[in-house]
Protein chains: 2
Amino acid sequence: MELDERKQKILKAIISNYLETGEPVGSRTISKYTDLNLSSATIRNEMADLEELGYIMQPHTSAGRIPTDAGYRLYVDRMMVEKDTEMEEMKTQLLERVDKMESLLKQVAKVLAYNTNYATLVTAPQYQNSKLKFIQLSQVDEHQLLAVIVVDGNVIKNKLMEVNRPLENDEILKLNVLLNTFLQGASLQDINLEMIQTMKNQAGEFADIMENIFQGIAEAIHEADEVEIYTSGTTNMLKYPELGNLEQTTRLLEALEDRQGLNELIDETIHSDNANGIQVYIGEEAPVSSMKDCSIVTATYELAEGGKGTIGIIGPKRMDYKKVVSTLKNLTGELDTIFKKKE
Amino acid sequence: MELDERKQKILKAIISNYLETGEPVGSRTISKYTDLNLSSATIRNEMADLEELGYIMQPHTSAGRIPTDAGYRLYVDRMMVEKDTEMEEMKTQLLERVDKMESLLKQVAKVLAYNTNYATLVTAPQYQNSKLKFIQLSQVDEHQLLAVIVVDGNVIKNKLMEVNRPLENDEILKLNVLLNTFLQGASLQDINLEMIQTMKNQAGEFADIMENIFQGIAEAIHEADEVEIYTSGTTNMLKYPELGNLEQTTRLLEALEDRQGLNELIDETIHSDNANGIQVYIGEEAPVSSMKDCSIVTATYELAEGGKGTIGIIGPKRMDYKKVVSTLKNLTGELDTIFKKKE
DNA sequence: TATTAGCACTCGATGTGTCTGAGTGCTAAC
DNA sequence: GTTAGCACTCAGACACATCGAGTGCTAATA
């Protein structure tokens, strides 16, 4: 059997209708709804075929049909025409009162959740293989020394250290020069044991301070490589009763709260390069088991400075794919601009 | 009518039982459960009295009794004997793999949620009226200038600025001296327009850099005064069906996700000085309307350096008050020590 | 006078049977 | 190939009976 044009039309009508209502779709509905001018009986025959082809199914005998994962997949891949959205509105919402990067990302997640009624996640931009850009020691007060470490992508790490006695100005100067000559431009791999030993020797009585700084550097670089995930609108998931019983939904919310598993999801997105960076996981395709009744749409955004991050939307399988995809496309395109304005 | 000893015993038995089961408690249960050796009929008479006194109520005719807010209140104020808890276990959980303050706080919230099965919130320590401790400018690369601002409680703020040309070493030195002489030890109120003008004048061609720095200072101090709230275990709330229908619970979860309203709660706690900093809100007493079916227990912790923060637990009214209160008491006592070890 | 046994009563929860309507598959006619 | 029509299925709504936990009240008891 083949999926001819009429079958496609009917399938599309079934899915669209189901997306709107969340109820199984019957033959009569399709017969009236589409411009095919076919009776419900004909539709029924076609529907039986579509079911055999695996695109739709009945939740129980004598109910209408709902799309299977394969049906959604076909819909997303072949039938979807993108929608123009209320992006403008969202942009204005975003431009209000945001200062730091962190709050901006949180805000993005929030606005997105608010506008779509799904759960959203946003990661901060990651910089692969960050390099050291600048290090500076300074004396904060008699007993405290501050190390400022700047890494690629302007991730800044501060480390406070206790010292027994205040350092002289020229001592600090010497240490600063030492640090920057050896370490500027180095990545984590470049800093080997030999280098560490040499520097410790040269630092003389301040070897333990060096030790501390190295630790700080490791942390800073790690931090730059580590993903921070912001989620929002997780409670939206409670609005879709078809996601199964309360227990399942709870597990889903827990996964979202816990970040556990989310990392895996992010990793998968960021390492697959798609045409436009948009990826759609439907049902069982999701890399996280607790989301097997959901669909996930992720998009990668890219900053001019080389940072890459992910925006994702998690919702029921009957999510408004058109809207979600085009919103994400727009947003990832805009993010670089927005960041520039704000930082 | 008076609340004699026997009535108290019965009330206590009712509440304890209800805490365990979550079901309305009948007279027969109490008659068997307690060591009073009274028949169910007698208990019924007493229960009628207790109901008249406002400590218990029937959810419907011919159901057992459940405690009212007033009943819980009495229980918390007068009848509760603290429980020794599995604090040791919790402490060991906390000591694993925690580095930064932020992750420590998140971890505290998480461990607490895991151990109690309620929702938890933790705020970072706040420092009232923070003062400037130290400022330093440095040249990161040709076009970027970094201002490091350290505030009381060692809150550190970094601000990157673009500059047209690299500054000479002595120019930077001059600016650093200028900044520290004027601003060290100053609080936000101390920095007035006059001061700003004087400094700008002295800075000469770098007046706009000064402008930037002032903004950074304002942000830093603000940030030190601003509360960051970490929540965890919010999904635990779904485990208590008596919290009302799904919609109510959703509203509750939204409030927890949104931080909206939580600030109010925190404010109220931190400004009321109780004997041991523990505060219990039952039902309608809560300052957040969406939590009117819950109980909230909050505790204030205090660091040696003067910072103050809040830990809170949100659960159903039938929460295990004994356990919660003693856990919180222990934890707030320990937090200072834990922080010292970790920072 | 305080306690208890006993009884009638209430009311949510549970279970059962019936009805309805949406939807199907199949067959025969167009 | 399409359609009308019909018998059939099944979830959900509804009415109704039953059950049992729990109550309040009264009269008997210690």
Side-chain angles (χ1 to χ4, degrees), chain A residues 1-11 13-15 17-18 20-68 71 241-242 244-245, chain B residues 1-11 13-15 17-18 20-68 71 241-242 244-245:
Chain A
M1 195 179 347
E2 207 190 336
L3 189 69
D4 57 27
E5 186 154 351
R6 197 173 72 175
K7 284 191 175 51
Q8 283 200 30
K9 269 194 180 167
I10 292 174
L11 177 58
I14 293 172
I15 298 187
N17 198 286
Y18 182 68
E20 272 174 41
T21 63
E23 297 289 314
V25 186
S27 52
R28 220 176 99 81
T29 314
I30 298 299
S31 150
K32 282 188 301 181
Y33 184 79
T34 54
D35 47 359
L36 289 166
N37 286 324
L38 294 172
S39 78
S40 60
T42 314
I43 303 289
R44 277 203 287 287
N45 290 331
E46 296 286 41
M47 278 165 115
D49 291 352
L50 283 171
E51 181 156 4
E52 203 179 324
L53 286 166
Y55 294 121
I56 53 179
M57 56 169 288
Q58 290 178 280
H60 57 83
T61 338
S62 87
R65 305 303 215 283
I66 61 175
T68 60
E242 75 264 35
N245 52 34
Chain B
M1 193 180 351
E2 207 191 336
L3 190 70
D4 57 26
E5 186 154 349
R6 197 172 72 177
K7 283 192 174 51
Q8 284 200 28
K9 269 193 181 169
I10 293 174
L11 178 57
I14 294 172
I15 297 186
N17 198 286
Y18 181 68
E20 273 174 40
T21 63
E23 296 290 312
V25 186
S27 53
R28 218 176 100 79
T29 315
I30 299 299
S31 149
K32 282 189 300 181
Y33 183 79
T34 53
D35 48 359
L36 289 166
N37 286 322
L38 293 172
S39 78
S40 61
T42 314
I43 302 289
R44 277 204 288 286
N45 290 330
E46 296 287 41
M47 279 165 111
D49 291 351
L50 283 171
E51 181 156 3
E52 201 179 323
L53 286 165
Y55 294 120
I56 54 179
M57 57 169 289
Q58 290 179 282
H60 58 84
T61 338
S62 87
R65 306 302 215 283
I66 61 174
T68 59
E242 75 264 34
N245 53 34

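All values reported here derive from a predicted model rather than from experimental measurement. Residue numbering restarts at 1 for every chain, and letters A, B, ... go by the order of the sequence lines.
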Out of C:dT3, C:dG25, D:dG24, whichever nucleotide has its closest atom nearest the side chain of B:Gln58: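 So the side chain of B:Gln58 is nearest to D:dG24.
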
Search all heavy atoms of A:Ile56 against all heavy atoms of A:Met47 and return the closest pair with its distance.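 Between these two residues, the closest heavy atoms are CD1-O, 3.6 Å.
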
Shortest non-hydrogen contact from A:Tyr33 toward A:Glu20: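 Result for this residue pair: OH-OE2, 3.9 Å.
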
Residue of the set B:Thr42, B:Leu36, B:Asp49, B:Thr34 for which side-chain contact (heavy atoms from CB on, under 4.5 Å) holds with B:Ile10: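 That would be B:Leu36; it is the only one of B:Thr42, B:Leu36, B:Asp49, B:Thr34 passing the side-chain contact (heavy atoms from CB on, under 4.5 Å) with B:Ile10.
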
To the nearest angstrom, how far is [X] atom [atom1] from [N] atom [atom2]?
{"X": "A:Asn37", "N": "D:dG1", "atom1": "CG", "atom2": "P", "result": "19 Å"}
{"X": "B:Asp49", "N": "C:dT3", "atom1": "CG", "atom2": "C1'", "result": "14 Å"}
{"X": "B:Leu38", "N": "D:dA30", "atom1": "CG", "atom2": "P", "result": "17 Å"}
{"X": "B:Leu36", "N": "C:dA2", "atom1": "CG", "atom2": "C1'", "result": "15 Å"}
{"X": "A:Glu23", "N": "D:dG12", "atom1": "CD", "atom2": "C1'", "result": "12 Å"}
{"X": "B:Asn45", "N": "D:dG24", "atom1": "CG", "atom2": "C1'", "result": "9 Å"}
{"X": "B:Ile43", "N": "C:dA2", "atom1": "CD1", "atom2": "P", "result": "16 Å"}
{"X": "A:His60", "N": "C:dG21", "atom1": "NE2", "atom2": "C1'", "result": "12 Å"}

Determine whether any donor atom in the side chain of [X] lies under 3.5 Å from an acceptor atom in the base of [N], or the reverse, and answer yes or no.
{"X": "B:Ser62", "N": "C:dT10", "value": "yes"}
{"X": "B:Arg28", "N": "D:dG20", "value": "no"}
{"X": "A:Arg44", "N": "D:dG5", "value": "yes"}

Roughly how far apart are A:Ile43 CD1 and A:Ser40 OG, rounded to 0.5 Å?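 Those atoms lie 8.0 Å apart.
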
Return no unless some side-chain N or O of B:Arg65 is found under 4.0 Å from OP1 or OP2 of D:dA21.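 Negative; the distance criterion is not met.
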
Hey, does the side chain of A:Ser39 come within less than 4.0 Å of D:dT2's phosphate (OP1/OP2), counting only N and O?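 Looking at the OP1 and OP2 atoms of D:dT2, neither is under 4.0 Å from any side-chain N or O of A:Ser39.
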
Above 12 or not: heavy atoms from other molecules or residues under 6.0 Å from NZ of B:Lys9?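 Count not over threshold, so no.
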
On DNA chain C, check which nucleotide each of A:Ser27 and B:Thr61 is closest to and give me the residue with the more 5' one.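 This one resolves to B:Thr61.
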
Return whichever of A:Glu46 or B:Ala41 has its heavy-atom-nearest nucleotide of DNA chain D closer to the 5' end.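 The residue whose closest nucleotide sits nearer the 5' end is A:Glu46.
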
